[in-house]
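Computed over heavy atoms, backbone and side chain alike; hydrogens, waters and symmetry mates excluded. Quick caveat: nothing in here was measured; it's all calculated off a predicted structure.
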Amino acid sequence: MTSKILAIETSSEACSVALSLGSNTLYRHTDQPRKHAELVLPMVHELLAETGLLLTDLDAIAYGRGPGAFTGLRIAAGIVQGLAFGAGLPVVAISSLAVLAHGAWREAGVERCHAAFDARMGEVYWGSYEIAGEGRVTLMGRECVCAPDEVAKTAGVISASGWSGVGSGWSYQKSLELSTGPLQQCLPSLLPHSLDLLALAKTGLKAGDVMSAEQVVPVYLRNNVAEKSKK
């Protein structure tokens with residue numbers, strides 16, 4: 001039986017929502033920074049109306065947990081928490097960097113990917129992944145936030161041929177390549193997409209990697225920002 005999952009990704013400039021229904025997948029995706037709060041729920045309602053589903057008909061809700069833009073992460077976490085709590089649904093939390101890496105595979109056939117977001121303040125959010133097919137992404141090393149010239153020691157970067165760079169963090173390409181070595185290709189303009197979140201969420205749901213609505217939180221990687229947000 002195919003799972004019915006609603007996926008919400010707002011960790012970057014893009015605002016993206018997808019819904020799986022049997023063999024069909026519907027989505028809305030737009031690149032309108034600072035409009036996530038007003039766009040997400042209408043997108044959700046449009047997809048539910050188009051499929052004739054109620055929220056309670058779904059099997060789970062998935063969200064891009066971060067890292068990424070602080071405001072976008074808080075919006076996704078808050079909306080998902082409210083929807084899941086009201087409908088009594090489990091939640092699948094997926095790394096937004098993993099979503100980005102999966103998108104590189106879907107868009108360009110990338111199998112080994114250094115995913116990076118520009119974290120501002122001269123830092124990047126970083127994660128290195130191997131992608132083995134739809135919904136199959138493995139983190140190599142660890143996710144972190146650090147200066148571009150520190151990713152090798154902080155994240156445990158594997159320096160070898162055949163790796164690609166993806167995401168806005170590659171605006172620091174020269175500094176990052178000191179750790180990674182030359183890239184096979186670089187896709188700095190690619191943004192996380194709900195279609196990739198949905199693919200990873202299907203794998204997560206099947207494996208039982210779910211949480212309750214009460215457990216939904218953004219993952220900032222910057223501990224000081226997380227503490228300030230709680231206060």
Side-chain angles (χ1 to χ4, degrees), residues 4-21 23-55 58 60-84 87 89 91-108 110 113 115-120 124-125 127 134-135 137 165-171 186-202 204 216 218-220:
K4 298 184 288 293
I5 304 174
L6 175 68
I8 296 175
E9 211 332 301
T10 60
S11 65
S12 69
E13 304 96 295
C15 182
S16 193
V17 178
L19 177 63
S20 64
L21 176 61
S23 59
N24 297 323
T25 299
L26 305 175
Y27 71 90
R28 298 289 187 274
H29 182 89
T30 185
D31 181 1
Q32 296 188 57
R34 296 180 293 279
K35 289 193 174 183
H36 295 5
E38 62 188 83
L39 293 174
V40 174
L41 283 177
M43 286 180 170
V44 170
H45 294 150
E46 284 178 17
L47 293 182
L48 290 173
E50 191 169 336
T51 58
L53 292 174
L54 299 175
L55 200 60
L58 302 181
I61 301 177
Y63 76 111
R65 61 167 174 76
F70 304 141
T71 300
L73 297 183
R74 289 195 294 270
I75 290 170
I79 288 176
V80 167
Q81 188 172 57
L83 294 176
L89 295 174
V91 176
V92 184
I94 302 292
S95 163
S96 299
L97 287 168
V99 173
L100 184 63
H102 192 278
W105 169 82
R106 179 175 58 83
E107 293 278 352
V110 170
C113 173
F117 294 135
D118 186 349
R120 310 303 179 189
V124 294
Y125 297 119
E134 185 169 355
V137 173
V166 59
S168 60
W170 283 95
S171 59
C186 189
L187 305 169
S189 62
L190 194 66
L191 298 173
H193 197 296
S194 57
L195 288 177
D196 302 294
L197 171 59
L198 189 59
L200 294 173
K202 289 178 181 179
V216 172
V219 173
Y220 298 110

Can you tell me how far OG of Ser16 sits from CG of Leu39, rounded to the nearest 0.5 angstrom? 11.5 Å
From CA spacing to verdict: side-chain contact (heavy atoms from CB on, under 4.5 Å), Trp105, Val137: CA-CA 10 Å; Trp105 169 82; Val137 173; over 6 Å; no
Between atom CD of Glu46 and atom CG of Leu19, what is the distance when rounded to the nearest 0.5 Å? 12.0 Å
Nearest heavy-atom contact between Tyr63 and Ala93 is CE2-CB, 3.5 Å
Does the side chain of Thr30 reach to within under 4.5 Å of the side chain of Lys35, using non-hydrogen atoms? no
Nearest heavy-atom approach of Val17 to Leu6 is CG1-CD1, 3.7 Å
Using side-chain heavy atoms (C-beta onward) and a distance below 4.5 Å, is Val99 in contact with Leu200? yes
Is the shortest side-chain heavy-atom distance between Leu21 and Leu26 below 4.5 Å? no
Using every non-hydrogen atom in the two residues, find where Ile8 and Ala76 come nearest and quote the distance to one decimal. CG2-CB, 4.4 Å
Determine which pairs satisfy ring pair (Phe, Tyr, Trp, His ring centres under 6.0 Å) with at least one residue from residues 23-54, sequence neighbours left out, and list them in order. Tyr27-His193, His29-His193
If I take atom CG from residue Leu41 and atom CD1 from residue Ile79, how far apart are they, to the nearest 0.5 angstrom? 4.5 Å
Kindly give the heavy-atom pair with the smallest separation between Ala37 and Ile75, and that separation in Å. N-CD1, 3.7 Å
His102 side chain vs Glu134 backbone, donor-acceptor pair below 3.5 Å: no
Where do Leu55 and Leu83 land on the side-chain contact (heavy atoms from CB on, under 4.5 Å) test, with the steps shown first? CA-CA 8 Å; Leu55 200 60; Leu83 294 176; 3.7 Å; yes
Shortest non-hydrogen contact from Pro67 to Leu97? CG-CD1, 3.7 Å
I'd like to check Val110 versus Val166 (side-chain heavy atoms, cut-off strictly below 4.5 Å). Are they in contact? no
Measure across Ala84 and Val91 and return the closest heavy-atom pair with its distance rounded to 0.1 Å. CB-CG2, 3.5 Å
Please collect all side chain to side chain donor-acceptor pair (under 3.5 Å) contacts where either partner lies in residues 5-14, sequence neighbours excluded, each pair once. Glu9-Ser11, Glu9-Ser96, Ser11-Ser96
Distance in Å, Thr51 OG1 paired with Asn24 CG, rounded so as to fall on 0.5 Å steps: 10.0 Å
Rounded to the nearest 0.5 angstrom, the CG-OH distance for Asp118 and Tyr125 is 9.5 Å
About how many Å separate CD of Glu107 and CG of Asp196, when rounded to the nearest 0.5 Å? 7.5 Å
What I'd like to find out is whether the side chain of Ile5 reaches to under 4.5 Å of the side chain of Val92, using heavy atoms alone. no
